[in-house]
Amino acid sequence: MSTHRRIAIAGIIHETNTYCRDQTQLGDFHIMRGEKMLQLEGSETQTGAAVGMCRELGVTPVPVFWANTQPSGTIARDAYESMKAELLEALAAVLPVDGVFLDLHGAGVVDGIPDLEGDLAMSVRRLVGEAVPLTAAFDLHGNVTQEMVDALDGVFVCHEYPHIDQHLRAREAVQLINDMLNENFRPSVRVCSLPMLMPTTTTFHGPGKELKEFMRELEADPQIINVSFFHGFPYCDVPHVGSHLVVTARGNGEIARDKAEIAALRVWSLRELLRPTSLSAEEAVAKAMASAKQPVVINETSDNCGGGSPGDGTHLMRALLDAGAANACFGFIVDAEVAAQAHEAGVGTTVDVSLGAKTDSLHGEPLKLRVYVKALHDGRCIMQAMAKGSRINYGKLARLQPEGSDNVDIVVGSRRSQTFDTEPFLAVGIDVTRRDIVALKSSNHFRAGFESIAGEIITADPPGLTTHHIEVFPRDHAVQPLWPLDDTIHWKPGDT
Ligand SMILES: [Zn+2]
């Protein structure tokens with residue numbers, strides 16, 4: 001054991017929905033350089049946990065460069081090239097290091113570079129050389145390429161969706177670097193890719209949970225360091241879109257490859273259980289109003305900012321109002337204009353608003369409403385479930401009550417984000433446990449904050465950029481037929 005070991009920590013994190021209209025620019029990223037990254041220490045994030053693990057191991061963490069933003073459209077080429085150049089330059093300045101940990105997502109797409117993570121990991125590998133241990137933690141919504149696997153000595157994807165364990169996987173990735181140095185060994189990493197588009201599937205119950213547990217059983221083999229099940233990100237038109245099994249193991253690549261194939265076969269055999277289903281907004285509201293298990297939580301999965309949607313869609317809110325839902329709250333709809341209008345008017349005033357659906361018509365039409373301004377908030381919150389302890393800024397929040405409704409509240413936010421926990425409601429004085437219906441925009445992350453209080457959860461899937469109706473998206477770049485778009489596919493290990 002050396003107390004002088006240094007592990008560099010860096011990352012560029014983006015989940016790219018290539019079907020978004022606008023490109024993502026440099027100014028959209030939240031960038032932290034060097035020591036600033038230590039602000040994340042103590043939070044349940046990948047970089048925060050990597051710093052903490054270094055300290056526990058008596059290793060000096062060397063924070064280099066970190067950039068992250070909300071899921072959104074393809075990253076502009078100059079934005080990526082600028083961040084990558086800065087990361088590599090900052091890393092070069094701290095060399096030599098004993099290892100490098102990368103904080104990544106897996107579904108990053110740059111204009112002209114379909115695989116951000118492969119490109120970045122390869123560049124880091126070239127800079128530090130073959131001998132330096134290089135590992136990474138990922139989001140399970142990544143799409144994997146051979147370049148990613150070839151560049152890395154260890155791949156650690158979160159096991160859970162909601163991603164409540166990102167910090168634990170980052171700790172393992174740092175631990176592996178230390179083990180490699182202590183024991184002088186080199187792991188093998190192998191990928192087995194499946195020709196399937198998996199809908200957003202929670203790991204808290206159902207087939208997602210069953211598969212998660214199967215992967216953990218495979219990890220019981222002492223030769224196996226990690227079994228990573230990348231569900232994949234279907235809202236990406238890239239050659240390597242799909243689900244992927246990546247295994248990091250001791251020894252030559254045979255054990256890793258065999259386990260990856262066993263894991264992939266298991267996922268493939270259960271695929272019918274993963275087939276996406278959908279309720280329209282109207283169907284979801286009718287089901288919620290007929291339920292006796294209050295509070296009923298309705299999640300509008302198709303307008304999930306966490307998958308690149310705008311968050312200003314009005315389909316579900318309109319359905320709630322049209323159905324005359326009472327004692328209901330919706331948190332939240334992203335509309336900075338309306339939030340500013342309410343903040344200007346002040347608490348206790350009544351204003352006419354044109355709410356939401358300002359990005360495009362796919363996500364609905366604006367709601368023309370006369371609303372009472374019940375409460376206002378600056379939108380700065382601390383996450384309490386997933387990524388617990390990290391700061392989040394929803395921008396100005398406004399709690400609006402539509403005239404003529406029966407105890408219905410609409411929370412309006414100013415910055416794109418999904419709802420992760422009850423904080424955006426609490427911020428404006430709403431106790432969701434007292435409501436019959438609690439509506440929000442998220443696919444599964446909200447479960448970390450709502451599953452323990454919801455009587456029932458109903459998923460609404462009106463039109464939107466993150467719909468379960470994945471057949472609506474054109475696929476010009478996928479290299480092979482994909483289930484469930486093509487039900488006739490016969491696949492076996494070795495085919496991909
Ligand atoms: Zn994810």
Side-chain angles (χ1 to χ4, degrees), residues 11-20 24 43-49 68-73 75 102-109 115-117 136-144 148 155-170 173 196-204 208-209 211-212 215 228-236 238 240-246 267 274 276 299 301-309 311 383 385-388 390 392 416-421 440-451 459 464-468 470:
I12 298 176
I13 302 144
H14 192 244
E15 181 181 83
T16 306
N17 185 324
T18 63
Y19 301 103
C20 291
T24 302
S43 67
E44 293 182 352
T45 58
Q46 291 179 167
T47 285
N68 190 5
T69 188
Q70 276 289 317
S72 51
I75 302 171
L102 293 178
D103 182 349
L104 301 172
H105 183 284
V109 182
D115 172 25
L116 181 159
E117 292 80 9
F138 292 89
D139 185 296
L140 60 73
H141 294 111
N143 294 313
V144 179
M148 280 163 63
V155 168
F156 295 82
V157 79
C158 60
H159 301 157
E160 298 281 1
Y161 182 26
H163 307 329
I164 51 172
D165 64 325
Q166 290 175 302
H167 58 303
L168 303 178
R169 307 289 81 81
M196 64 183 283
L197 298 172
M198 201 169 146
T200 45
T201 305
T202 184
T203 58
F204 279 12
K209 181 171 186 233
L211 288 167
K212 173 186 71 183
M215 305 309 160
S228 281
F229 173 23
F230 285 80
H231 293 194
F233 189 61
Y235 309 108
C236 253
V238 292
H240 53 288
V241 68
S243 297
H244 312 266
L245 284 301
V246 183
V267 176
L274 300 166
N299 68 302
T301 189
S302 47
D303 186 24
N304 172 19
C305 292
S309 291
M383 293 179 72
M386 197 181 106
K388 189 173 179 179
S390 53
I392 189 161
R416 284 184 61 241
S417 172
Q418 66 184 299
T419 296
F420 292 95
D421 50 39
L440 52 83
K441 294 173 185 287
S442 175
S443 293
N444 279 300
H445 286 334
F446 75 99
R447 290 178 192 274
F450 287 85
E451 202 144 82
T459 298
L465 271 180
T466 47
T467 175
H468 285 175
I470 45 180

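Every number for a ligand or one of its atoms is a count from 1 in the order of the listing. Nothing here was measured: the structure is a model prediction, and the numbers come from that model.
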S.K.: Which N, O or S atoms belonging to the protein are less than 2.8 Å from the Zn ion (ligand 1)?
M.R.: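 Near the Zn ion (ligand 1), below 2.8 Å, one finds D139 OD1, D139 OD2, H141 ND1, H163 NE2.
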S.K.: If we ignore hydrogens and angles and just use 3.5 Å, is the side chain of T201 paired with the main-chain N or O of P199 as donor and acceptor?
M.R.: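 Confirmed, T201 side chain pairs with P199 backbone.
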S.K.: Aromatic ring centroids of H231 and H244 under 6.0 Å?
M.R.: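 Ring-ring flag for H231/H244: false, centres at least 6.0 Å apart.
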S.K.: Is there a donor-acceptor contact under 3.5 Å from the side chain of T466 to the main chain of N304?
M.R.: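 Confirmed, T466 side chain pairs with N304 backbone.
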S.K.: More than 12 foreign heavy atoms under 6.0 Å from NZ of K388: is that the case here?
M.R.: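 No, because the 6.0 Å sphere around NZ of K388 holds 12 heavy atoms or fewer from other groups.
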S.K.: Would you call the rings of Y235 and F233 parallel, tilted or perpendicular, taking 30° and 60° as the class edges?
M.R.: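 Perpendicular.
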S.K.: Considering residues at least two apart in sequence or located in another chain, which fulfil the side chain to side chain donor-acceptor pair (under 3.5 Å) criterion with Q166?
M.R.: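 Residues passing side chain to side chain donor-acceptor pair (under 3.5 Å) with Q166: none at all.
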